[in-house]
Amino acid sequence: MAVKIKLKRLGKIRSPHYRIVVADSRTRRDGRAIEEIGLYHPVQNPSRIEVDSERAQYWLGVGAQPTEPVLAILKVTGDWQKFKGLPAPPPMKVAEPKPDKRALFEAAAKESGGEPKGEAITQKAKKSDKADKKADTEGTDAPAESTEG
């Protein structure tokens, strides 16, 4: 039985994410897998890649063949170099941790001093006020006469 390490597609139409699985080469892309050894989320920036290195080394050691996309992922994580005995690649980019929402809220509340600075609701302008403002702006848009003589 030929065993492959391949990607199993999950997610919606335009937001794919994958599981890195070990499966029989004759199974469908999203069919039954022998074991799941990792995750790959290409849409996130930077891409989220998680591989169980110990299990990947085991399956590579017993002869499982990675597909081309999985081989690229294993090269990025350094598992392929580890299997082949090559020097390790540069470290992967890691997403910055998200700031704590509660701390952001408390900082904003402290900045405002706990007191409102203005009205929470602005009053609607009446129709007659709008007409007066329109007349005022039309009068000011006229070009000024020059007094050069």
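Numbering starts at 1 and runs along the sequence shown.
- At a threshold of 4.5 Å between side-chain heavy atoms, the hydrophobic network of Ile, Leu, Val, Met, Phe, Trp and Tyr places I73 and V21 in two separate groups.
- The heavy-atom pair separating S47 from P42 by the smallest distance is OG-O, 3.5 Å.
- Judged as a side-chain hydrogen bond (donor to acceptor under 3.5 Å, both in side chains), and not counting sequence neighbours, the contacts of E36 are R19.
- Counting only residues at least two apart or on different chains, the salt bridge (charged side-chain N to carboxylate O under 4.0 Å, His left out) pairs with a member in residues 50-71 are E35-R55, R48-E50.
- Separation of atoms CZ (F105) and NZ (K110) is listed at 13.0 Å; rounding is to 0.5 Å.
- Residues V76 and P89 form no side-chain contact, since every pair of their non-hydrogen atoms from C-beta on lies 4.5 Å or further apart.
- Of all heavy-atom pairs spanning A23 and A33, the tightest one is CB-CA, 4.1 Å.
- With sequence neighbours excluded, the residues satisfying side-chain hydrogen bond (donor to acceptor under 3.5 Å, both in side chains) with D24 are R26.
- One finds the CG atom of D30 at 9.5 Å from the OH atom of Y18 (value rounded to the nearest 0.5 Å).
- Taking 4.5 Å as the limit, some side-chain heavy atom of L74 sits within range of a side-chain heavy atom of L60.
- Hydrophobic clustering, with ILVMFWY side chains joined whenever heavy atoms are under 4.5 angstrom apart, keeps I37 apart from L39.
- Between S15 and V43, the closest heavy-atom pair is CA-CG2, 4.4 Å.
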The test is side-chain contact (heavy atoms from CB on, under 4.5 Å); show your working for V51 and I20 and say whether it passes. CA-CA 8 Å; V51 177; I20 302 170; 3.8 Å; yes
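- With sequence neighbours left out, W80 forms a ring pair (Phe, Tyr, Trp, His ring centres under 6.0 Å) with F83.
- Every pair tested for salt bridge (charged side-chain N to carboxylate O under 4.0 Å, His left out) that includes a residue from residues 74-90 fails, sequence neighbours excluded, so the list is empty.
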I'd like a table of donor-acceptor pairs (distance under 3.5 Å, sequence neighbours excluded) in which one partner is a side-chain atom from residues 6-14, with atom names and distances.
| from | atom 1 | to | atom 2 | distance (Å) |
| --- | --- | --- | --- | --- |
| K6 | NZ | T27 | O | 3.1 |
| K6 | NZ | T27 | OG1 | 3.3 |
| R9 | NH2 | I13 | O | 3.3 |

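- Considering every non-hydrogen atom in both K4 and S25, the closest pair reads CG-CB, 3.8 Å.
- Taking the charged nitrogens against the carboxylate oxygens, R102 and E106 do have a contact shorter than 4.0 Å, which makes a salt bridge.
- Interatomic distance, R29 CZ to T67 OG1, rounded to the nearest 0.5 Å: 12.0 Å.
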